[in-house]
There are 2 protein chains.
Amino acid sequence: MSGMASRTRGPERRREPLSRERIVAAAVELLDTVGESGLTFRALAERLATGPGAIYWHVAGRSELLAAATDAVLTAAAVGDGPDATPHETVRALALGLFDAIDDHPWVGTQLVGTPSQSPMLPVFEQLGRQVRALGVPRGAWFSAVSALWNYILGVAGQNAANARMPQPATADRTAYLGSVADDWAALDADRYAFTRAVAGQLREHDDRAEFLTGIDLILTGITAHRWPTG
Amino acid sequence: MSGMASRTRGPERRREPLSRERIVAAAVELLDTVGESGLTFRALAERLATGPGAIYWHVAGRSELLAAATDAVLTAAAVGDGPDATPHETVRALALGLFDAIDDHPWVGTQLVGTPSQSPMLPVFEQLGRQVRALGVPRGAWFSAVSALWNYILGVAGQNAANARMPQPATADRTAYLGSVADDWAALDADRYAFTRAVAGQLREHDDRAEFLTGIDLILTGITAHRWPTG
DNA sequence: ACCTGAACACCGTTCAAGT
DNA sequence: ACCTGAACACCGTTCAAGT
């Protein structure tokens with residue numbers, strides 16, 4: 001009873017011992033609130049009520065910390081594939097799970113495009129691949145087909161991360177921001193930028209998430225319709 | 001006469017005056033040789049035989065410098081569209097031009113995915129868009145269709161940049177590196193990673209450039225085959 | 001107008017010293 | 001074993017002072 005009480009004593013100042021878990025959690029919080037450039041060993045140390053050196057006992061350095069934070073977010077966002085779902089539906093669910101995770105934690109996008117050995121992404125790659133296989137793509141084209149989905153997803157991730165890195169005042173009101181870019185487009189030279197001008201309205205009204213899904217559908221259509229070399 | 005002589009005295013130590021152009025050229029050289037983290041105002045100043053402060057007279061700061069360097073490379077790589085080319089061929093040429101530019105200057109990839117207001121990329125966007133239009137995509141779907149191509153291209157750019165950022169010793173021999181990753185894949189759990197294992201051989205033998213083009217073809221196939229909502 | 005280079009306010013990382 | 005925090009070797013950027 002007193003044991004339980006001491007374990008749940010509430011928001012006391014008594015510091016819990018440092019641990020990799022606590023450090024990573026604090027890092028994620030910092031990344032979410034102040035962005036990638038705000039993740040500083042000094043800021044992190046302050047938040048954990050310790051010195052910067054202490055962190056190095058549990059984590060090798062800044063890049064390992066970023067990787068661990070990414071891993072934590074992606075693990076939490078892991079998608080289970082419904083048993084009765086079509087390959088198409090499963091790919092959509094998978095891609096949407098990633099999209100939403102990156103929407104909540106834009107720095108993950110930067111991390112994903114910046115990490116070539118995508119260890120935390122390997123399960124995603126596997127799942128995407130299985131759906132490609134289920135779509136009837138010839139074996140010799142499996143790698144190409146997943147790569148297309150893969151690169152598209154990472155491309156969107158990177159763009160989202162870039163948007164989130166922009167100065168806050170400019171992007172605080174997303175629709176206002178899109179509107180101003182659309183205005184810029186609409187003001188371009190009528191001959192040299194005829195297409196961009198014509199599409200300014202669609203930029204203004206587009207929904208990132210829906211657009212992302214349309215791209216997925218498009219690539220899936222391409223994967224099934226493409227005349228793959230028999231292999 | 002003495003004036004001319006003094007202007008063309010040859011490779012003397014006499015320093016040319018600083019200029020935005022010279023600074024950007026030196027920055028590109030530095031980025032190509034020592035990578036993005038090697039672009040330092042001190043290193044740049046040394047190369048230009050001046051102090052770090054001098055650079056700020058011509059350039060607002062580091063990020064403007066990176067943008068200017070990217071702009072310089074992309075302008076040099078600008079592709080003219082052949083007059084008799086099909087939309088499909090033009091998209092391929094455009095995408096390939098970008099791919100090769102990023103292959104030569106991987107830091108450009110980082111820069112492109114990191115810059116949302118893609119001013120130096122606007123002409124590329126316009127060209128891609130015109131081809132989409134020429135493919136007969138309904139007007140209401142123009143934006144979605146270019147976006148898919150766009151995000152795919154930027155995704156590949158980001159991946160290439162990430163690969164180039166990896167520690168040199170590991171990636172000096174590209175085929176050896178791919179081989180080792182393929183070995184890792186082949187050693188994965190047979191049940192949970194059946195697809196990834198099956199595709200390890202294709203990873204080992206794949207050609208980045210060809211793979212990239214396959215993805216472009218795939219998306220173009222999707223764009224033409226997709227059942228766009230009429231609009 | 002343009003350049004110089006010391007100085008400022010930061011970083012990530014290390015390490016002797018503590019407990 | 002784990003933590004502390006000063007110190008080191010860097011950064012980008014500023015700015016008084018020079019020419």
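Numbers restart at 1 for each chain; the letters A, B, ... are given by sequence-line order, proteins then strands.
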For atom [atom1] of [X] and atom [atom2] of [N], their distance in whole Å:
X: L48(A); N: dC3(D); atom1: CG; atom2: C1'; value: 13 Å
X: E46(B); N: dG5(C); atom1: CD; atom2: C1'; value: 14 Å
X: R20(A); N: dC3(D); atom1: CZ; atom2: P; value: 14 Å

* Do the rings of F212(B) and Y152(B) sit parallel, tilted or perpendicular, given the 30° and 60° boundaries? ->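 Parallel.
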* To do: Indicate whether any N or O donor in one side chain lies under 3.5 Å from an N or O acceptor in the other, for R165(B) and T110(B).
  =>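 Yes.
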* **Counterpart residues, side-chain contact (heavy atoms from CB on, under 4.5 Å), relative to V181(A) (two or more places apart)** =>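 Testing V181(A) for side-chain contact (heavy atoms from CB on, under 4.5 Å), a comparison that skips the adjacent residues, returns Y177(A), W185(A), L203(A).
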* Asked: Among all residues two or more places apart in sequence or in another chain, which pass the side-chain contact (heavy atoms from CB on, under 4.5 Å) test with A72(B)?
  ->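 A72(B): side-chain contact (heavy atoms from CB on, under 4.5 Å) contacts with V24(B).
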* **salt bridge (Lys or Arg N to Asp or Glu O under 4.0 Å) against E29(A), all qualifying residues, sequence neighbours excluded** =>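 Here the qualifying residues are R47(A).
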* To do: Hey, could you give me the CG/CZ distance between D208(A) and F99(A), rounded to the nearest 0.5 Å?
  =>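 The CZ atom of F99(A) is 5.0 Å from CG of D208(A), to the nearest 0.5 Å.
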* Asked: Can you find a pair of side-chain heavy atoms, one from F195(B) and one from L188(B), that are under 4.5 Å apart?
  ->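 They are not in side-chain contact.
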* To do: Name all pairs fulfilling the side-chain hydrogen bond (donor to acceptor under 3.5 Å, both in side chains) condition that reach into residues 62-77 of chain A, sequence neighbours left out, sorted by first residue then second.
  =>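 Pairs touching residues 62-77 of chain A that pass the test: R20(A)-E64(A), D71(A)-T75(A).
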* **Base versus backbone protein contacts along nucleotides 12-19 of chain C [heavy-atom cut-off under 4.0 Å; B, S, -]** => BBBB----
* Asked: Does a side-chain N or O from W57(A) land closer than 4.0 Å to OP1 or OP2 of dC3(D), or not?
  ->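 For dC3(D), OP1/OP2 do not have a side-chain N/O of W57(A) under 4.0 Å.
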* State the dot-bracket string of DNA chain D. Criteria: Watson-Crick or G-U wobble, both atom distances under 3.5 angstrom; notation: ( ) intrastrand, [ ] crossing earlier pairs, | interstrand, . unpaired. => ||.|||||...|||||.||
